[in-house]
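Reviewing the structure listed below.
Atoms considered below: every heavy atom in the structure, side chains included; atoms not considered: hydrogens, waters and symmetry mates. Numbering of ligands and ligand atoms starts at 1, following listing order. Owing to the predicted nature of the structure, the values given are computational and were not obtained by experimental measurement.
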Amino acid sequence: MGVRTRMAPSPTGEYHIGSMRTMLYNYALAKKEGGQFILRIEDTDRERFVEGATERLMDVINAYGLNWDEGPRVGGPHAPYIQSERLETYKEYANQLVESGHAYYCFCSKERLDTLREEQRKAGMPSTKYDKYCLNLPKDKVKENLDAGLSYVIRLNVQADQEISFDDKVLGHITFPSKDVDDQVLLKSDGFPTYHLGVVVDDHLMEVNWVMRGVEWLPSTPKHILLYKAFGWELPTYAHLPLLKEKGDTKKLSKRMGSVAAHEFLLDGYLPEALINFLMFLGWNPGTEKEIYSLDEFVKDFSVERIQKTDLVVFDRDKLAWYNGQYIRMLSAQDLWERLKKWMSEYDQQPEYKMEDTYSIKVQSLVQDRMRVFADFLPLTNYFYIDFDCPVELLVAQSGSESRAKEILETFYNLLKELSVENWHSKFLDELCHRIISEKGYKPKESFMTLRVASTGQTATPPIFDIIELLGQEKTLSRIENAKNLLK
Ligand code: GLU
């Protein structure tokens with residue numbers, strides 16, 4: 001059997017960008033080895049279940065350009081791939097462990113467990129543990145309780161004297177003493193399995209032989225290994241991946257620093273291929289200078305041996321913006337415009353003004369190099385589409401005095417109004433305006449910045465003659481005139 005990897009998200013909220021990185025690595029390993037990548041939904045925690053989250057997480061995975069060989073929506077030989085549809089299976093396997101003595105019924109009330117925990121805490125125990133009270137119930141008492149319909153859970157019977165060890169493909173050899181492992185609940189009183197039982201039973205039944213997941217799951221691994229052993233099943237290969245953190249001290253990605261959920265980055269206007277490229281490097285690198293990777297190239301070059309052995313890797317938001325800028329620049333004008341329009345309509349970002357295609361593609365060509373995300377487009381270009389209140393102070397500041405600004409604008413106005421339409425293109429405008437300012441003795445900076453503020457309302461824009469070429473003669477003259485009239 002070839003490599004079978006999986007991602008097993010729990011629909012408890014919006015899909016995290018870090019999970020997308022973990023998914024990408026699982027996807028790449030399966031594809032590289034000619035194996036299968038499986039998606040399984042672990043929705044057994046009914047308290048944390050969020051309505052609609054399953055559908056949304058599948059949509060966002062697809063929107064990032066990834067897909068799965070087996071799982072919900074596509075099916076597969078081990079269907080269903082949603083745990084809440086497999087409850088009978090877990091019950092069966094939990095019972096099997098009870099029969100073999102690896103698990104037992106526990107009827108303890110919440111009150112008893114709370115008291116126990118409290119006592120252990122007071123006694124200074126580093127972590128609290130179940131005291132195996134129900135393990136010692138006589139068989140007929142258990143039967144009596146079950147017949148009486150008493151609420152119960154099934155617990156794993158952990159032997160205290162074992163060493164649990166395994167070779168993690170990233171972290172190396174790891175050993176846990178079993179005395180630190182609690183008699184984990186496997187089946188809850190509501191008939192749902194816990195994560196531990198569900199994940200082990202399903203990974204086994206779905207023939208998953210590689211478990212690659214965030215290092216936050218490492219403490220669960222000894223529990224899983226005990227379960228594999230109790231069932232007599234072969235262990236998968238484990239690889240625990242570093243988690244993501246913000247630059248600086250914070251230990252986690254933070255909403256204060258920007259988006260955190262995978263779909264939010266799409267809404268911000270990042271391209272999926274740029275996001276995926278950025279995610280590739282969060283815990284892995286090829287050992288070369290190459291930074292731009294398509295998904296296919298990544299699949300070819302990916303290797304578990306090159307995964308970083310640290311707990312945390314920096315999620316560098318500036319680097320992400322850099323990647324996105326690179327991908328925006330790589331698109332043809334037509335493609336970029338189509339994608340920009342799609343983004344605006346999908347994420348409800350359309351402006352109130354109309355954007356005609358041919359004109360907008362020209363506008364776009366002036367800002368393509370400056371855009372880091374799609375969301376930059378509108379603030380960078382709105383003066384091409386709508387008039388604005390000219391900021392007088394800014395206008396005056398360019399030459400230092402109101403009368404000077406007025407004089408400069410008058411000069412340009414008189415010059416430009418005489419031009420014929422055929423000559424209204426940036427090269428000609430550029431030469432002509434340079435000629436007049438040298439005749440008049442104006443400095444280039446004061447003149448063109450004044451013209452820029454009058455035409456755009458801003459100081460940082462693409463080249464001014466490219467702008468006024470696109471604005472056209474009529475609009476340019478009316479803006480200069482308007483600005484001029486604001487000055488004494
Ligand atoms: N359901 C777990 C999650 O929410 C799966 C963890 C694992 O990969 O074992 O991520």
Side-chain angles (χ1 to χ4, degrees), residues 3-30 36-50 53-58 60-61 66 68 70-72 78 80-87 89-90 156 164 166 168-171 174 176 181 184-188 192-228 233 235-244 252-253 260-262 279 282-283 304 307:
V3 165
R4 286 174 60 85
T5 65
R6 52 69 166 176
M7 196 66 192
S10 297
T12 53
E14 297 313 311
Y15 206 53
H16 193 275
I17 191 74
S19 302
M20 202 59 104
R21 186 284 317 264
T22 301
M23 167 156 325
L24 174 65
Y25 287 13
N26 275 289
Y27 172 93
L29 180 65
Q36 288 86 36
F37 171 61
I38 297 149
L39 182 72
R40 180 176 68 236
I41 304 298
E42 299 201 332
D43 58 346
T44 57
D45 187 342
R46 301 319 278 177
E47 274 162 34
R48 294 181 60 222
F49 179 77
V50 173
T54 301
E55 291 302 314
R56 284 201 297 280
L57 78 87
M58 290 194 277
V60 79
I61 296 166
L66 299 179
W68 47 98
E70 293 173 29
H78 304 290
Y81 292 88
I82 298 185
Q83 287 191 328
S84 59
E85 296 171 17
R86 302 169 60 80
L87 299 185
T89 306
Y90 310 119
L156 181 64
I164 309 163
F166 68 103
D168 188 282
K169 282 285 176 203
V170 175
L171 303 174
I174 293 185
F176 289 95
V181 181
Q184 210 59 51
V185 174
L186 302 176
L187 200 72
K188 294 181 276 186
F192 278 72
T194 55
Y195 157 62
H196 304 296
L197 179 67
V199 82
V200 168
V201 166
D202 282 347
D203 279 343
H204 171 74
L205 294 180
M206 294 176 184
E207 301 180 284
V208 168
N209 47 23
W210 266 84
V211 170
M212 205 171 354
R213 60 186 170 200
V215 74
E216 78 268 33
W217 299 103
L218 188 62
S220 298
T221 308
K223 298 169 191 168
H224 300 174
I225 292 177
L226 287 177
L227 273 170
Y228 275 99
W233 294 338
L235 288 184
T237 302
Y238 286 103
H240 287 89
L241 306 175
L243 302 180
L244 312 184
K252 257 173 139 185
L253 294 200
V260 171
L279 294 178
L282 299 184
V304 175
I307 292 176

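- Heavy atoms of other residues, nucleotides or ligands lying less than 6.0 angstrom from NZ of Lys188 number more than 12.
- At least one side-chain heavy atom of Trp68 sits under 4.5 Å from a side-chain heavy atom of Ile61.
- Near ligand 1, Arg6, Ala8, Ser10, Glu42, Tyr195, Val199, Arg213, Trp217 each place a heavy atom less than 4.0 angstrom from the ligand.
- Contacts classified as salt bridge (Lys or Arg N to Asp or Glu O under 4.0 Å) and involving residues 211-222 (residues at least two apart or in different chains) are not found.
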Report task. With side-chain contact (heavy atoms from CB on, under 4.5 Å) as the test, would you mind laying out the steps for Leu171 and Val215 before giving the verdict? Result -> CA-CA 9 Å; Leu171 303 174; Val215 74; 4.1 Å; yes

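- Side-chain contact, Asp202 with Tyr81: no donor N or O sits under 3.5 Å from an acceptor N or O.
- Each of Pro11, Ser10, Pro9 was scored for a side-chain contact (heavy atoms from CB on, under 4.5 Å) with Asp43, with one residue passing: Pro11.
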